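Treat the numbers as computed from the prediction; the structure is a model and nothing was measured. Along the sequence shown, residues are numbered consecutively beginning with 1.
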Amino acid sequence: FKYSHADDIITKFIEGYAMVGRIHEPHCEVVGIHIEQTPATDIGRGMAAWYDIPLFDTPMEALTLGGDTLAVDGVLLIGEHGDFEINEKGVKLYPRRRLFEEVLKVFRASGRSVPVFCDKHLAWSWSDAVWMQEQARELDFPLQAGSSVPLAWRLPPLTFANSVELEDALSVYYAPDIPDGVDYASYHTLEALQSFIEHRPGGETGVRAVQSLEGEAAWQAAADDLWSPELLASAIHTVPSMKTDTHTPDTLRATDPNPVVVLVEYSDGFRAAAYLTRALLHDEFCFAARVAGMENPVATWFHLNKPQRDHFSFLCNHAEVMFLSGHVSYPLEPTMLVTGILEAAANSRHQGNRRIETPHLANYNYEPVQEMTTT
């Protein structure tokens, strides 16, 4: 449907997408589509008919184009925004592993594999994500994942050099007051956070504990210096609609008494937080950090430009480069770590907001890709 992730990604591969002021026509062609769910608002069937792209009843048929063996050079797997079960922890059970298994069946039966791009995280559980990564290694095909948020325009421009000395960091998004809202919002907010703090000295070292707090407990954690209302004020001040407002810890607390805050303790001792607001913002991402040696916090707003949704262009381009080159163009490690953090946050929330130790993430080390830097 319009503005779903399937629309934001597949439509761009069909029609082209804006890249830095120009329209880019992808150097690959959508040749087959399987749509598992078609609500009343579905546009996929009409678009497929308009562009003469065959629709198939099963993933296998889409991958073989109705034949007996793999007949495509790349796979876009988008399992988002559907009508899926929500478990007792409030986690939406996205079908990405199940669909991935269908892809693997075709790969194995055909005796060859092609690159796979999986929208957002590989799976809602850490064990499933690890299994999927292991399958890609076994069958030796590029596997790429992640969302558009870390790749979106940042205003004011802000990137970190590797080995940047950070003292504190906070990312912000909104959490709709619906059962799966916190799960959905937390992934993006944690991913935005990770895209910055992974550049600290030594690269990423892993996560030793995660805790999810709500309402009064979240604000008490701020009083206990576990996260910073000052960074929250700096972050939301970058949002255009909030630039004229003056924010203090007291006014923020009065305006937003029931936030969700995810506290992340890293193995090297660094601490950071993801703040999910129910009152301050709507559909806006922002970030702030304290950098050693700088008097004031640095902050930025992730510009999700509408109605074009061009922030997905950069994500699509990374997938396209992978399809054409046969090599991953965007690392999987940050997405994997965020998957583990998100699962721990859901467990914390389900278990009365207690601190959850994460020994399986404690030694998850990786060296981040160096960005062009402004700070």
- [ ] Could you walk me through whether V369 and Y330 pass the side chain to side chain contact (heavy atoms under 4.5 Å, CB included) test, one step at a time?
- [x] CA-CA 9 Å; V369 173; Y330 191 76; over 6 Å; no
Open item on the list: Side chains of S228 and R290: any donor to acceptor distance under 3.5 Å?
Closed with: yes
TODO: Give a yes or no on whether the backbone of S212 and the side-chain of N353 come within a donor-acceptor separation of less than 3.5 Å.
DONE: yes
Open item on the list: Between Y275 and S171, is there a side-chain heavy-atom distance shorter than 4.5 Å?
Closed with: no
- [ ] Please name the pair of heavy atoms, one in M322 and one in V116, separated by the smallest distance, quoted to 0.1 Å.
- [x] CE-O, 3.5 Å
Task: Y173 side chain reached by F302 side chain, heavy atoms, under 4.5 Å - done: no
Task: S329 versus H318, side-chain donor and acceptor atoms under 3.5 Å - done: yes
TODO: Decide if atom CD of E36 counts as having more than 12 heavy atoms of other residues, nucleotides or ligands within a radius under 6.0 Å.
DONE: yes
- [ ] Scan side-chain atoms only and decide if E343 and W124 contain a donor-acceptor pair under the 3.5 Å cut-off.
- [x] no
TODO: Using a cut-off of 6.0 Å, state whether more than 12 heavy atoms not belonging to E88 lie near its atom CD.
DONE: yes
Open item on the list: Among K12, H24, H27, which residue satisfies the side-chain hydrogen bond (donor to acceptor under 3.5 Å, both in side chains) criterion with E320?
Closed with: H24
- [ ] Kindly say whether P157 contributes a backbone atom to a donor-acceptor pair with the side chain of T300 at under 3.5 angstrom?
- [x] no
Open item on the list: Let me check something: do L155 and V172 share a hydrophobic cluster, defined by ILVMFWY side-chain heavy atoms less than 4.5 Å apart, either directly or through other members?
Closed with: yes
Open item on the list: Closer than 3.5 angstrom, by distance alone: can the side chain of R96 be matched with the main-chain N or O of L122 as a donor-acceptor pair?
Closed with: no
- [ ] Can you measure from OG (S234) to CG (L170) and round to the nearest 0.5 angstrom?
- [x] 9.5 Å
Open item on the list: Taking CG in D224 as the centre, count heavy atoms belonging to other residues, nucleotides or ligands within less than 6.0 Å. Is the count above 12?
Closed with: yes
TODO: Locate the shortest heavy-atom distance separating T64 from A71; write the atom from each residue and the value.
DONE: O-CB, 3.6 Å
TODO: Please confirm whether the backbone N or O of G82 pairs with a side-chain atom of K92, one donor and one acceptor, at under 3.5 Å?
DONE: yes
TODO: Examine W219 together with W227 and report whether their ring centres are nearer than 6.0 Å.
DONE: yes
- [ ] Could you verify whether a donor N or O on one side chain and an acceptor N or O on the other, from Q135 and R108, lie under 3.5 Å apart?
- [x] yes
Task: Ion pair check, D42 and R45, cut-off under 4.0 Å - done: yes
Open item on the list: Contact between P249 and E230 at the side-chain level, heavy atoms closer than 4.5 Å - yes or no?
Closed with: yes
Task: Donor-acceptor pair between Y364 and E333 side chains, under 3.5 angstrom - done: no
- [ ] Give a yes or no on whether W50 and I10 share a hydrophobic cluster (residues Ile, Leu, Val, Met, Phe, Trp, Tyr; joining criterion: side-chain heavy atoms under 4.5 Å apart).
- [x] yes
Open item on the list: Nearest 0.5 angstrom please: L76 CG to D119 CG, how far?
Closed with: 9.0 Å
Open item on the list: Consider side chain to side chain contact (heavy atoms under 4.5 Å, CB included). Of L70, L63, V103, V106, which one does V114 pass it with?
Closed with: L70
TODO: For D283, look at atom CG and say whether over 12 heavy atoms of other residues, nucleotides or ligands are found less than 6.0 Å away.
DONE: yes
Open item on the list: With rounding to the nearest 0.5 angstrom, report the CZ to CG distance, F107 to L139.
Closed with: 8.0 Å
Task: Donor-acceptor under 3.5 Å (E191 side chain, S147 main chain) - done: yes
Open item on the list: What I want to check is whether the side chains of T69 and S110 have a donor and an acceptor closer together than 3.5 Å.
Closed with: yes
Open item on the list: So does Y3 get a backbone contact from the side chain of D7, meaning a donor-acceptor N/O pair under 3.5 Å?
Closed with: yes
Open item on the list: Donor-acceptor pair, distance only, cut-off 3.5 Å: does the side chain of R271 make one with the backbone of E265?
Closed with: no
TODO: Please assess Y17 against M19 for the test side chain to side chain contact (heavy atoms under 4.5 Å, CB included), listing each intermediate value before the final yes or no.
DONE: CA-CA 6 Å; Y17 48 87; M19 287 290 292; 3.5 Å; yes
TODO: State whether a side-chain donor-acceptor pair under 3.5 Å links Q194 with E204.
DONE: yes
- [ ] Using modelled atom types only, decide if a donor and an acceptor are shared between the side chain of T335 and the backbone of H121 within a distance under 3.5 Å.
- [x] no
Open item on the list: Less than 4.0 angstrom from a charged side-chain N to a carboxylate O is my criterion; do R200 and E165 meet it?
Closed with: no
Open item on the list: Assigning hydrophobic clusters by single linkage (Ile, Leu, Val, Met, Phe, Trp, Tyr; side-chain heavy-atom cutoff under 4.5 Å), is Y51 placed with I35?
Closed with: yes
Task: Check: H5 ring centre within less than 6.0 Å of H81 ring centre - done: yes
Open item on the list: Please tell me whether S186 and T189 have a donor and an acceptor in their side chains that are separated by less than 3.5 angstrom.
Closed with: no
- [ ] Specify the closest pair of heavy atoms between A289 and F160, including all atoms of both residues, with the distance to one decimal.
- [x] CB-CZ, 4.1 Å
TODO: Check whether the side chains of E102 and T58 place a donor and an acceptor atom closer than 3.5 Å, and report yes or no.
DONE: no
Open item on the list: Check whether N87 reaches the backbone of G90 with its side chain - one donor and one acceptor, N or O, closer than 3.5 Å.
Closed with: yes
Open item on the list: I need the minimum non-hydrogen distance between A192 and V149, along with the two atoms involved.
Closed with: CB-CG1, 4.0 Å
TODO: Decide whether W126 and M132 are clustered together by the hydrophobic rule: side chain heavy atoms of Ile, Leu, Val, Met, Phe, Trp, Tyr closer than 4.5 Å, transitively.
DONE: yes
Task: Chi angles and distances behind the side chain to side chain contact (heavy atoms under 4.5 Å, CB included) call for V262, V264 - done: CA-CA 6 Å; V262 179; V264 185; 4.2 Å; yes
Open item on the list: Test salt bridge (Lys or Arg N to Asp or Glu O under 4.0 Å) on E101 and K105; report intermediate values, then the result.
Closed with: CA-CA 6 Å; E101 288 177 352; K105 289 178 184 177; over 6 Å; no
TODO: Would you name the heavy atoms of A288 and L231 that are closest together and state the gap between them?
DONE: CB-O, 3.4 Å
- [ ] Give a yes or no on whether the ring-centroid distance for W153 and H311 is below 6.0 angstrom.
- [x] no
Task: Exercise: identify the closest heavy-atom pair between T238 and A299 - done: CG2-CB, 3.6 Å
Task: Partner of H188 under ring pair (Phe, Tyr, Trp, His ring centres under 6.0 Å), chosen from F287, F285, Y174 - done: F285
Task: Spatial distance of atom CG (L226) from atom CD (Q211) [nearest 0.5 Å] - done: 8.0 Å
TODO: Could you please spell out the steps behind the side chain to side chain contact (heavy atoms under 4.5 Å, CB included) verdict for T251 and T248?
DONE: CA-CA 5 Å; T251 59; T248 67; 3.2 Å; yes
- [ ] Find out whether F270 and L166 are in side-chain contact, i.e. whether some heavy atom of one side chain is under 4.5 Å from a heavy atom of the other.
- [x] yes
- [ ] State, with a plain yes or no, whether a side-chain heavy atom of L304 is found less than 4.5 Å away from one of D310.
- [x] no
Task: R154 side chain to P150 backbone, donor-acceptor under 3.5 Å - done: yes
Open item on the list: Hydrophobic clustering (ILVMFWY, side-chain heavy atoms < 4.5 Å, transitive) - are L99 and M60 grouped together?
Closed with: yes
Task: Pair T277-D256, side-chain donor/acceptor within less than 3.5 Å - done: yes
TODO: Calculate, to the nearest 0.5 Å, the distance between atoms CD and OG belonging to E357 and S348 respectively.
DONE: 12.0 Å
Open item on the list: To the nearest 0.5 Å, what is the distance between CD on E29 and CD on E25?
Closed with: 10.0 Å
